[in-house]
Amino acid sequence: MRGPHKLPTDRPDATEGGGAASEVPHDERTFFESFYKASVRGDPQDRMTIGPISDPESRFHYNSVENGIIRALLARTPAPAPAMVEAWRVMQKRSGMRLLDIGSGTGHWVDFFLDVFHVSEAVAVELTQSMAGFLRGKYASRSDVTVQCADVASPQFDAGKDGFDYVTAIGVMFHIVDDSRWVAALGNLARALKPGGLLIVGGDFGWHTRNVQFHKSDEFSNWREFNAATGVPGELRVSRRVRSLAVWSEQASRLGLRVADVVRTDTHPGIATPENDLLILQKPEGEEKGAA
């Protein structure tokens, strides 16, 4: 999962010369290599992948999204009766379910699906070399987790020949600002799903599509340098673009996916959290992987 939700979100109305500033998509890899350089101190922690955020805010956020995922998945397959819990755990582990997690960061969602839904295999995809290296070290002793350093919007993106039961992109897709790259990324994720598989996206799915987070330079070493950057005159870099539910639904339909659920996660007026409601998309049964 990625932030940074506490970075500047208000768009300046004009440049210093009085003209309107043009909005330019950021370079995702450059920006997030800088972001992690500025954020991570010691071992990476979940809160560091969101931005300058307190431990209680981070915990509230992750718990809210976790509960949203649990609600969505148990609505499809109810939890077992008390007498069947242990048998259910064994059956889950034997079912061979596979997870593809995009923008893995610290591996929070990999751990969550391994621990709670007992997937038998997980592929963690991270855009940045720094965090991919951290993940490789974290999971070095596990044969059920593999790590890729890859760009999900690239035409060369390849998650492997076998499909996935779950594909997760929590707090990731709104950072793919360029619309053509977003379409390409969604297509890659749709092709990665098994028939009947679920794509679980964390974001903001409202009435309007809009750019909501701006900065001046993708390259920085610390937050003081980030805030002091002047960038290119007349240009604003965009690091977050939220797309409406209608846009998501239309593109999902083109890829052969259907909207299975929209889950609104818990919020609190006094707690700052990213836009992370949940959109659940499903590839219909009977469709071969790659048909979308």
Determine whether a donor-acceptor pair (N or O, by modelled atom type, separation under 3.5 Å) exists between the side chain of [X] and the backbone of [Y].
{"X": "Lys283", "Y": "Leu193", "answer": "yes"}
{"X": "Ser253", "Y": "Ser249", "answer": "no"}
{"X": "Glu126", "Y": "Gly105", "answer": "yes"}
{"X": "Ser34", "Y": "Ser221", "answer": "no"}
{"X": "Gln282", "Y": "Gly196", "answer": "yes"}
{"X": "His26", "Y": "His175", "answer": "yes"}
{"X": "Lys216", "Y": "Leu236", "answer": "no"}
{"X": "Asp277", "Y": "Thr265", "answer": "yes"}
{"X": "Arg29", "Y": "Leu127", "answer": "yes"}
{"X": "Ser244", "Y": "Val247", "answer": "yes"}

To the nearest 0.5 Å, what is the distance between [atom1] ([X]) and [atom2] ([Y])?
{"X": "Glu121", "Y": "Thr146", "atom1": "CD", "atom2": "OG1", "result": "6.0 Å"}
{"X": "Glu225", "Y": "Asn222", "atom1": "CD", "atom2": "CG", "result": "5.5 Å"}
{"X": "Arg210", "Y": "Glu23", "atom1": "CZ", "atom2": "CD", "result": "12.5 Å"}
{"X": "Met131", "Y": "Leu135", "atom1": "CE", "atom2": "CG", "result": "6.0 Å"}

Are a donor atom and an acceptor atom from the side chains of [X] and [Y] found within less than 3.5 Å of each other?
{"X": "Ser58", "Y": "Asp46", "result": "no"}
{"X": "Ser130", "Y": "Glu33", "result": "yes"}
{"X": "Ser239", "Y": "Gln213", "result": "yes"}
{"X": "Gln156", "Y": "Ser154", "result": "yes"}

### Task
Would you please test Asp111 and Lys138 for salt bridge (Lys or Arg N to Asp or Glu O under 4.0 Å) and show each step?
CA-CA 11 Å; Asp111 296 340; Lys138 175 179 178 177; 2.7 Å; yes

### Query
Pick from Leu245, Val242, Thr209: which one makes a side-chain contact (heavy atoms from CB on, under 4.5 Å) with Asp204?
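It is Val242; the other options fail the test.
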
In terms of relative ring orientation, are [X] and [Y] parallel, tilted or perpendicular, with 30° and 60° separating the classes?
{"X": "Phe112", "Y": "Phe117", "result": "perpendicular"}
{"X": "Phe32", "Y": "Phe35", "result": "perpendicular"}
{"X": "Phe226", "Y": "Phe31", "result": "perpendicular"}

What I'd like to find out is whether the side chain of [X] reaches to under 4.5 Å of the side chain of [Y], using heavy atoms alone.
{"X": "Trp109", "Y": "Ile69", "answer": "yes"}
{"X": "Val212", "Y": "Val238", "answer": "no"}
{"X": "Val65", "Y": "Leu278", "answer": "yes"}
{"X": "Phe134", "Y": "Thr106", "answer": "yes"}
{"X": "Val259", "Y": "Asp261", "answer": "no"}
{"X": "Thr49", "Y": "Tyr36", "answer": "yes"}
{"X": "Val167", "Y": "Leu198", "answer": "no"}
{"X": "Leu99", "Y": "Thr168", "answer": "yes"}

### Task
Using the ring-ring contact (aromatic ring centres under 6.0 Å, His included) rule, collect all pairs that involve residues 234-265, keeping only residues at least two apart or in two chains.
Trp182-Trp248, Phe205-Trp248

### Message
Looking at Arg59 and Glu57, is any side-chain nitrogen of the basic one under 4.0 Å from a carboxylate oxygen of the acidic one?
### Response
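Salt bridge absent between Glu57 and Arg59.
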
### Query
Do Glu28 and Arg181 meet the salt-bridge criterion of a basic N to acidic O distance under 4.0 Å?
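Salt bridge present between Arg181 and Glu28.
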
Do [X] and [Y] land in one hydrophobic cluster if side-chain heavy atoms of ILVMFWY residues count as linked below 4.5 Å?
{"X": "Val116", "Y": "Val263", "answer": "yes"}
{"X": "Val262", "Y": "Leu189", "answer": "yes"}
{"X": "Ile176", "Y": "Val24", "answer": "no"}
{"X": "Ile170", "Y": "Leu74", "answer": "yes"}

### Query
Excluding sequence neighbours, so at least two apart, what forms ring pair (Phe, Tyr, Trp, His ring centres under 6.0 Å) with Tyr139?
none

Considering all heavy atoms of both residues, which atom of [X] and which atom of [Y] are nearest to each other, and what is their separation?
{"X": "Asp218", "Y": "Asp27", "answer": "OD2-N, 2.9 Å"}
{"X": "Lys37", "Y": "Arg41", "answer": "O-NH1, 3.1 Å"}
{"X": "Ala153", "Y": "Ala184", "answer": "O-CB, 3.6 Å"}
{"X": "Ala122", "Y": "Val110", "answer": "CB-CG1, 3.9 Å"}
{"X": "Leu100", "Y": "Phe164", "answer": "N-CD2, 3.5 Å"}

### Task
Take Arg241 and Asp179 through the test salt bridge (Lys or Arg N to Asp or Glu O under 4.0 Å) and record every step on the way to the result.
CA-CA 9 Å; Arg241 178 171 174 81; Asp179 287 331; 3.0 Å; yes

### Within 6.0 Å of CZ in Arg264, more than 12 heavy atoms from elsewhere
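Correct, the count exceeds 12.
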
### Query
Does atom CG of Asp43 have more than 12 heavy-atom neighbours from other groups under 6.0 Å away?
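Not buried by this count: 12 neighbours or fewer within 6.0 Å.
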
### Query
Looking at the rings of Phe220 and His215, which for Trp means the six-membered one, are their centres under 6.0 Å apart?
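No, the ring of Phe220 stays outside the 6.0 Å limit from the ring of His215, centre to centre.
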
### Task
Mark yes or no: Arg240 above the aromatic ring of Phe174, with NZ or CZ under 6.0 Å from the six-membered ring centre and no more than 45 degrees from the axis.
yes

